[in-house]
Amino acid sequence: MTIRLYDSKSAQLREFVPLVAGQVGMYVCGPTVQSSPHIGHLRSALVYDHLRRWLTHEGFAVTLVRNVTDIDDKVLENARAAGVEQWWALAYRMEREFTDAYSALRIQPPTYEPRATACIPDMIELVRLLMKRGHAYAIPGSNGNVYFDTASWSSYGELTNQTVMVMPQIEQLDDGAPGKRDPRDFALWKAHKPEEPESASWDTSWGRGRPGWHIECSAMATKYLGTTFDIHGGGLDLRFPHHENELAQSAAAGHDFAQLWLHNGLVAVGDQKMSKSLGNSLYAAQLLESARAIVVRYFLGSAHYRSQLEFHPTALAEAKSAFERIETFLARAARVGGPLKSGKVTNEFRDAMNDDMSIPTALAALHDTVRSGNALFDAGNDKGGLTNARTALAMLDVLGLNPYAPEWAGTSSEGAATRAALDSLVTRLLASRAHAREQKDFVTSDRIRDDFASAGIIVEDTPQGAHWSIDGE
RNA sequence: GGUGGAUUGGCCGAGAGGCGAGGCAGCGGCCUGCAAAGCCGUCCACACCGGUUCGAAUCCGGUAUCCACCUCCA
């Protein structure tokens, strides 16, 4: 049994072989906490949550590091634009929004979540190493601008197959960066500017300043996972320049770095990538108001991770119908067999997950299990139906979609008490409805059902009697 | 211009040189007092033009359209 994953760097499916048997070191580019999380951030985080869960399910000890970039041009810019909030306050406020959104979707916390600002010494050390090895240079008289010397690194461009870099407007690029030797050179360290807060700068031997964009990921990945590790993940839009530069500076520092580069597809709204300038951003908060979190999670996982995922107006409603089909089956099984325990996933499911995490195919296996499970119950084969339910639960566990798992359990004791009180009342009314039905008094029985419906309670008759559920739960 | 990717049935979305993924929506049937849920059936698709092949939606060549990155982006 092997797991195959698509490696962006070699542009092919590769068998996953961990550096250390049974262990996986995985670095995922987290957000720059400059503004609120949107649907794309959630999808990306979910992709690596799926991978982490699957690897764990297959017996690997996974160390997942996902960074928080809390010092960056945009963070300073957005804080300055708002004018009333310190940059570090903005960053932390946004970080908490991200954490909340991830939690809502039951994206498991990473093993560790380093902040860039907490790893400044590691970045300084890396820049120093690159200068020492002749792959970085400080701009004389700039009081701290340091650039990566791409001309000194012949492999530059290896990640994205960029052999010749055409830079048509040199003057524009040089505008904010006088002294750069090559337009491709990128900032490792940015000299402190008088208009920027003193708190956003750190002392170094080449001048006071702050880190450039890419250096934080190289430093944090290496700090926590070592100079070589198994998997590096991130959004497709980060491939260039971010990951290209990250790879260049790490490799030039003498590190083997990531063995496998994974890139997840983006979310499109109306065939286009979501972006602020188009005004089609869909924020996590809006998404979570539009549907139950578990339905959002189902939706975001419904396309292959490398495909672009289309968000369209009825997408969540469709996901809701599809997911509730599964939930209805589980509820049916629970009525027959009591609380259910997870069994084992099917071979079809396992093969799909091993094949570059083909979750759409895995979902097909899940739906097949649900359909045949329903058919077994219909045929009176409760034992068979329950087996299918346990199998379905195992698959749902892997996908983080098991509604009975502790991670999705309601934690409020008040909720449980309310539920019990409601159940007592509903059960009593259902008894009188059953009596009316026995008397063929369908006017009364339908009125009771309609009353429930208008209260958001759905009543369904089965051979074993009526049962109720709350709509949308 | 450079580098990648895509084009599948009403919609979403997999897969793949011959054996109809899956979901949603629709339609028909079974079940039901009526519903709901469920099951069965139905809707037999793969941009276009050539080529290879016994056979192509799947491989090759070309065309068209679209998307992403090359500036900050998950």
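Chain A is the first sequence line, chain B the second, and so forth, proteins listed ahead of strands; every chain is numbered from 1.
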Donor-acceptor side-chain pairing of A/Ser218 and A/Gln249 below 3.5 angstrom: yes
Pairwise P distance for B/C60 and B/G5, with rounding to whole Å: 12 Å
Salt bridge (charged side-chain N to carboxylate O under 4.0 Å, His left out) partners for A/Asp49, two or more places apart: A/Arg53, A/Arg297
Sidechain-backbone polar pair: A/Asn78 side chain, A/Gln34 backbone, donor-acceptor under 3.5 Å: yes
Of the listed nucleotides B/G22, B/A74, B/C11, the one nearest the side chain of A/Asp368: B/G22
Ring pair (Phe, Tyr, Trp, His ring centres under 6.0 Å) involving A/His467 - partner list, sequence neighbours excluded: none
Any A/Arg306 side-chain N or O less than 4.0 Å from OP1/OP2 of B/A6: no
P atoms of B/A57 and B/A45, separation to the nearest Å: 10 Å
Side-chain donor/acceptor of A/Asp461 to base of B/C34, under 3.5 Å: yes
Sugar-phosphate only, base, or nothing, as touched by A/Ser8 at under 4.0 Å among non-hydrogen atoms: nothing
Test: A/Arg66 cationic atom under 6.0 Å from A/Tyr48 six-membered ring centre, within 45° of axis: no
B/C59 and B/U7, which share atom name P, separated by this distance in whole Å: 11 Å
Sugar-phosphate only, base, or nothing, as touched by A/Val28 at under 4.0 Å among non-hydrogen atoms: nothing
Polar contact flag, side-chain donor to acceptor under 3.5 angstrom, A/Ser342-A/Asp397: yes
C1' atoms of B/A47 and B/U58, separation to the nearest Å: 15 Å
Bracket notation of RNA chain B in which parentheses pair within the strand, [ ] cross earlier pairs, and | pairs with another strand (Watson-Crick or G-U, under 3.5 Å): (((((((..(((.....[...))).(((((.......)))))....(((((..]....))))))))))))....
Sugar-phosphate only, base, or nothing, as touched by A/Gly235 at under 4.0 Å among non-hydrogen atoms: sugar-phosphate
Side chain A/Arg449 and base B/A35 donor-acceptor under 3.5 Å: yes
Atom-pair distance (CG on A/Asn347; C1' on B/A21), nearest Å: 17 Å
Out of B/G15, B/U3, B/A21, whichever nucleotide has its closest atom nearest the side chain of A/Pro360: B/A21
Touch class at under 4.0 angstrom, heavy-atom based, for A/Arg437 against every strand present: base
Minimum-distance nucleotide to A/Asp237 side chain [options: B/C67, B/C24, B/A74]: B/A74
Of the listed nucleotides B/A68, B/A35, B/C24, the one nearest the side chain of A/Leu266: B/A68
Touch class at under 4.0 angstrom, heavy-atom based, for A/Ala364 against every strand present: base
Atom P, compared across B/C27 and B/U65: separation rounded to whole Å: 39 Å
Distance in angstrom units between A/Glu318 CD and B/C24 C1', rounded: 5 Å
Distance between C1' atoms of B/U53 and B/G61 (Å, rounded): 16 Å
Touch class at under 4.0 angstrom, heavy-atom based, for A/Arg447 against every strand present: nothing
Side-chain N or O of A/Asn264 closer than 4.0 Å to phosphate OP1/OP2 of B/A74: no
Interatomic distance, A/His304 NE2 vs B/G5 P [rounded to whole Å]: 13 Å
Beyond-backbone contact of A/Ile3 with A/Trp54, side-chain heavy atoms, under 4.5 angstrom: yes
Along RNA chain B (nearest heavy atom to each residue), the more 5'-positioned of A/His312 and A/Val459: A/His312
Closest nucleotide among B/G33, B/C39, B/G23 to the A/Phe442 side chain: B/G33
Neighbour count above 12 (heavy atom, 6.0 Å) for A/Tyr92 OH: no
Touch class at under 4.0 angstrom, heavy-atom based, for A/Ala315 against every strand present: nothing
Donor/acceptor link under 3.5 angstrom from A/Asn161 side chain onto base of B/G2: no
Parallel, tilted or perpendicular: ring planes of A/Phe323 versus A/Tyr298, cut at 30 and 60 degrees: tilted
Sugar-phosphate, base or nothing in reach of A/His242, heavy atoms under 4.0 Å: nothing
For atom CG of A/Leu262 and atom P of B/A74, their distance in whole Å: 17 Å
